[in-house]
**Student:** 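Shown below is the structure under consideration.
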2 protein chains.
Amino acid sequence: MMIDGYVSQTGVGDVDTVARALSMMREASQLERLLDAYFSSHNLSQLKFHILIVIDREPDKDSLRQSEINQRLDVSKPVLHRTVTSLLKSGLLVCRDDPEDSRAHRLALTDEGKTMLAAILPGYFKTISGFMREQP
Amino acid sequence: MMIDGYVSQTGVGDVDTVARALSMMREASQLERLLDAYFSSHNLSQLKFHILIVIDREPDKDSLRQSEINQRLDVSKPVLHRTVTSLLKSGLLVCRDDPEDSRAHRLALTDEGKTMLAAILPGYFKTISGFMREQP
DNA sequence: GGTTATTAGTTATCATGATAACTATAGAGG
DNA sequence: CCTCTATAGTTATCATGATAACTAATAACC
């Protein structure tokens with residue numbers, strides 16, 4: 001919209017690259033909104049979904065510590081804690097004591113959590129595919 | 001990371017498209033973070049910057065109503081109000097009564113606001129160009 | 001010209017992200 | 001063993017986005 005004047009005025013970088021970056025950010029934020037709307041229609045959020053996914057996708061284990069989830073997802077500890085608490089409360093996760101470390105817990109999907117994940121995934125990918133198909 | 005299994009399991013859309021969308025969102029969020037860090041090092045935010053820009057870029061006028069800014073930027077009224085209030089308080093904007101509508105105000109850049117914008121733009125575009133150059 | 005609808009701005013409340021600072025436990029080094 | 005450090009989780013506080021519901025003023029319509 002208003003890129004041209006400024007980039008040429010400031011003489012930093014080239015106009016096309018900046019325009020491409022801005023349009024990428026706009027596209028991404030549109031898709032994020034679609035996904036947020038989709039998740040919230042199932043009483044979830046992107047982060048809640050990602051938490052369920054990383055536990056479900058973990059090879060060899062069926063549970064993860066909060067700190068392990070933290071290593072896999074790019075989110076701060078307090079936000080993860082708050083969100084895990086909410087997932088426990090809504091019954092999608094269960095929490096067991098970690099036998100090897102009394103500070104830690106192991107978080108696992110409940111049957112309800114697995115059902116939710118299975119129910120939500122098709123629409124998730126459909127939302128993404130549909131959006132990408134519409135892009136010019 | 002974990003796309004393959006799921007997309008093929010669910011049979012919705014194609015894997016490459018979904019992977020492309022996810023990587024676009026990741027890229028965009030990285031760039032957003034860089035920009036947020038840049039703005040906050042100048043005591044600004046992306047939204048504050050955009051507000052200054054749309055007022056500065058407006059042809060034929062040197063001020064805008066809040067509602068006009070709202071039409072140009074994709075942000076809710078209360079958030080815009082809160083952010084404009086903060087820009088007024090920090091002296092980058094001034095507020096005058098609108099002679100044609102006693103409900104409205106006209107928001108204009110102060111000299112300090114213009115100076116800030118001029119000071120910040122080169123780094124803004126440099127940040128974007130630099131990021132795009134690094135992308136694989 | 002008086003009712004009704006729209007619009008400009010504001011307030012209250014909530015959601016979801018962050019950092020800083022805390023407690024409690026584990027682990028390492030002497 | 002006893003400190004000292006690092007790690008797991010928690011709490012408090014703040015930033016920045018949203019919606020719903022409000023006030024006051026304008027515009028539209030008999």
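Below, read A as the first sequence line, B as the second, and so on, with proteins coming before strands; counting in each chain starts at 1.
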**Student:** Enumerate the residues from residues 76-87 of chain A whose closest heavy atom to DNA chain C is under 4.0 Å, giving them by residue number; use none for an empty result.
**Tutor:**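 Under 4.0 Å from DNA chain C: S76(A), P78(A), V79(A), R82(A).
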
**Student:** Check N70(A) against S76(A) and note the closest heavy-atom contact, atom names and distance.
**Tutor:**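 Closest pair (atom of N70(A), atom of S76(A), distance): OD1-C, 4.1 Å.
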
**Student:** Can you give me every donor-acceptor pair (side chain of residues 89-97 of chain A, partner residue at least two apart or in another chain, under 3.5 Å) with its distance?
**Tutor:**
unit_1: S90(A); atom_1: OG; unit_2: S86(A); atom_2: O; d: 3.1
unit_1: S90(A); atom_1: OG; unit_2: L87(A); atom_2: O; d: 3.3
unit_1: R96(A); atom_1: NH2; unit_2: S63(A); atom_2: OG; d: 3.4

**Student:** Looking only at non-hydrogen atoms, find the nearest pair between P122(A) and A118(A) and report the distance.
**Tutor:** CD-O, 3.2 Å

**Student:** For chain A and DNA chain C, what are the first and last nucleotides along the strand, 5' to 3', with at least one atom under 4.0 angstrom from a heavy atom of the protein chain?
**Tutor:**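 Under 4.0 Å from chain A, the extent on DNA chain C is dT16(C) to dA26(C).
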
**Student:** For residues 111-121 of chain A, which residue pairs pass the side-chain hydrogen bond (donor to acceptor under 3.5 Å, both in side chains) check, not counting sequence neighbours?
**Tutor:**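 side-chain hydrogen bond (donor to acceptor under 3.5 Å, both in side chains) check on residues 111-121 of chain A returns no pairs.
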
**Student:** Tell me, which of residues 102-110 of chain A have any heavy atom that sits under 4.0 Å from an atom in DNA chain C?
**Tutor:** S102(A), R103(A)

**Student:** Assess the residue pair L52(B) and D56(B) against the criterion (side chain to side chain contact (heavy atoms under 4.5 Å, CB included)); give the C-alpha distance rounded to whole Å, side-chain angles, the decisive distance to 0.1 Å, and a yes or no.
**Tutor:** CA-CA 6 Å; L52(B) 299 181; D56(B) 188 52; over 6 Å; no

**Student:** Starting at the 5' end of DNA chain C, which residue's closest nucleotide do you reach first, Q66(B) or D74(A)?
**Tutor:** Q66(B)

**Student:** Do NZ/NE/NH1/NH2 and the carboxylate oxygens of R106(A) and E68(A) come within less than 4.0 Å?
**Tutor:**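 Looking at R106(A) and E68(A), the cut-off is met.
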
**Student:** How close or far is atom P of dT7(D) from atom CG of D98(A), stated in whole angstroms?
**Tutor:** 16 Å

**Student:** Taking for each residue the nucleotide of DNA chain C with the nearest heavy atom, is it D101(A) or Q46(A) whose nucleotide lies nearer the 5' end?
**Tutor:** Q46(A)

**Student:** Closest heavy-atom contact between T85(A) and H81(A)?
**Tutor:** OG1-O, 2.7 Å

**Student:** Let me know the distance between CG of L64(A) and P of dA8(D), rounded to the nearest Å.
**Tutor:** 13 Å

**Student:** So, for H50(B) and Y124(B), which heavy atoms are closest and what is the spacing to 0.1 Å?
**Tutor:**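 That closest heavy-atom pairing would be CE1-OH, 4.4 Å.
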
**Student:** With H42(A), which residues qualify under ring pair (Phe, Tyr, Trp, His ring centres under 6.0 Å), at least two apart?
**Tutor:**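 Ring pair (Phe, Tyr, Trp, His ring centres under 6.0 Å) check on H42(A) returns Y38(A).
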
**Student:** Taking all non-hydrogen atoms of both residues into account, name the closest pair between A108(B) and I55(B) and its distance.
**Tutor:** CA-CG2, 4.3 Å

**Student:** Within this structure, what is the CG-to-C1' distance between D97(B) and dA24(D), rounded to whole angstrom?
**Tutor:** 14 Å

**Student:** Which atom names give the shortest non-hydrogen contact between I128(B) and L31(B), and what distance separates them?
**Tutor:**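 Scanning both residues completely, I find the closest heavy atoms to be CA-CD1, 4.3 Å.
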
